[in-house]
Amino acid sequence: MSVSRRALLATAAGAAAAGASAVPAAGATGRQAPGATLRTLRAAADYAVEKVRAVAPGVTGFPVGTKFEKWTYSRTGDWVGGFWPGTLWMAWLHTKDDSFRTWAVDSARDLAPRQHDTNTHDLGFLFTPSWVTAWRLTGDDTWRTGAVQAADSLSRRYNPRGRFIRAWGALTDPANAGRVIIDTMMNLDLLVFASRETGDGRYLDIAVEHAKTAQRVFPRPDGSTPHVFDFDPDTGAPLGPGTVQGYSPTSCWSRGQAWGIYGFTTMYRRTGNTGFRDTARRLADFAIGALSPDHVPVWDYRAPQQPYDIKDASAGAVMACGLLDLHASTGSHTYREVALRLLTALADTCLTRNSAHADAVVARCTRNRPAEDGIEISLPYADYYLLEGILRVLRPDDVDRAIDLSQPS
């Protein structure tokens, strides 16, 4: 058994469905946020849950983005289906109103067919904020079993020659067979969960090997990252960086950078591998240095028009959660302070408060700038990670119950 596997299987925090945290949560350590910041974040959380409460009865699928301020839907969840039930769970934690719990369970149940989907790497995005959280908060073993099945489906995308999880395309499709993207770091925790719950170290080993590969090929010397890295799928030989959602292979797509910060920090927390923590710090330090004074990230930190380019508030929400994690993992107060500034900036400048028609909570998000797809709209993961980030500050013990914020023992 590997050292990382022993570290994981020895960790008890989060194993009980509704148990208390085994160690202090990320938001529970360090300096207390200033009173004005707490008031701003509390008001934003209150606004968010009231918006979700008003919209939820009319939701007819899984929100994927807005058009003219109204949610558009996927019946099967696309890659974002986990974020709507995840947002409902966060709203339930904030209010303890069981309407949110009922809506979360009903929505998550509709993802059941996707647990057998081997055609995407996004099973962590689909099942971690929905089914894993549902199991932790309800204790209903149906959610645990389905999440483990989803992890098994994800594990089939692992290429042992290159030691990576393939991002896109059916397993039988040669197109994109060697393509790896930074986003996958956020899907690894589903594999870690499966190892913890089954005792089968195969899932953890895949997660660790993919993270080590990503650690080797994504970070540049300055801590920036490309969106894509390609390998020869037959030999596993590295071919080089690329991009789909960034400006270029040499640029730095801000949401991808945020996925990396959060994902590497999570892998450190789950395994105790300090190399993952150090990688997260490198990515975080670059992103912090690239932020504009308004603390709302541009869509790409190296696009020609930055820092005056279009924004992606979702990158700020994801980054804030990762930085709060990184503060708890390193003790560096800078990370928490920047996270609070990010969350405050989103609360002050990116909420939909001034619209009588908006379905979403967070505006000023950009889905895919190069494809001219979803330019400064609302996106479901922005709403989810904004609430997660705020509740990490306001209700860290509750969030710990839902997503397990434990540190290595």
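Here the structure is a predicted model, which is why all the values come from computation and not from measurement. We're numbering straight along the sequence, starting at 1.
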Please determine if [X] and [Y] form a salt bridge, counting it only when a charged side-chain N lies under 4.0 Å from a carboxylate O.
X    : Y    : answer
R156 : D152 : yes
D325 : R269 : yes
D278 : R281 : no
R341 : D348 : no
D383 : K51  : no

Next on the checklist: Walk me through whether F125 and W259 qualify under ring pair (Phe, Tyr, Trp, His ring centres under 6.0 Å).
Outcome noted: CA-CA 11 Å; F125 284 128; W259 294 139; 4.9 Å; yes

Checklist entry - Hey, would you say the F127 and W135 ring centroids sit under 6.0 Å apart? => result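 Aromatic pair excluded; centres sit 6.0 Å or further apart.
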
Applying salt bridge (charged side-chain N to carboxylate O under 4.0 Å, His left out), name anything that partners [X], two or more places apart in sequence or on another chain.
X    : answer
K311 : D294
D110 : none
R157 : none
D78  : none

Item to check | Distance-only polar pair, side chains of D309 and Y301, donor-acceptor under 3.5 Å | outcome: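 No, no side-chain donor-acceptor pair sits under 3.5 Å.
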
Next on the checklist: Is it true that Y47 and T352 share a donor-acceptor pair across their side chains at a distance under 3.5 Å?
Outcome noted: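 Yes, side-chain donor-acceptor contact under 3.5 Å.
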
Would a distance-only check, ignoring hydrogens and angles, find a side-chain to backbone donor-acceptor pair under 3.5 Å from [X] to [Y]?
X    : Y    : answer
R392 : L324 : no
T133 : A402 : yes
R255 : R367 : yes
S224 : R220 : no

Mind checking what makes side chain to side chain contact (heavy atoms under 4.5 Å, CB included) contact with [X], not counting sequence neighbours?
X    : result
T198 : V148, D200, Y203
T250 : S248
D173 : R166, A170, A175
A108 : P85, S130, W131, W143

Checklist entry - Got a sec, which pairs hit ring-ring contact (aromatic ring centres under 6.0 Å, His included) with one end in residues 268-297, sequence neighbours left out? => result none

Item to check | Residue pairs fulfilling ring-ring contact (aromatic ring centres under 6.0 Å, His included) with at least one residue in residues 352-382, sequence neighbours excluded | outcome: W79-Y381, F83-Y381

Next on the checklist: For the residue pair R101 and W92, would you count it as a cation-pi contact if the rule is NZ or CZ under 6.0 angstrom from the ring centre and within 45 degrees of the ring axis?
Outcome noted: yes

Give a yes or no on whether [X] atom [atom1] has more than 12 heavy-atom contacts from other residues, nucleotides or ligands under 6.0 Å away.
X    : atom1 : result
K212 : NZ    : no
N354 : CG    : no
Y158 : OH    : yes

Checklist entry - What's the verdict on salt bridge (Lys or Arg N to Asp or Glu O under 4.0 Å) for R369 and D312, showing C-alpha distance, side-chain angles and the deciding distance? => result CA-CA 10 Å; R369 177 68 179 88; D312 182 11; over 6 Å; no

Checklist entry - Can you name the residues that form a side chain to side chain donor-acceptor pair (under 3.5 Å) with T225, not counting sequence neighbours? => result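 Per chain and number, T225 pairs via side chain to side chain donor-acceptor pair (under 3.5 Å) with Q257.
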
Checklist entry - With sequence neighbours left out, what residues match D398 under side chain to side chain donor-acceptor pair (under 3.5 Å)? => result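 Side chain to side chain donor-acceptor pair (under 3.5 Å) list for D398, sorted by chain: K96.
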
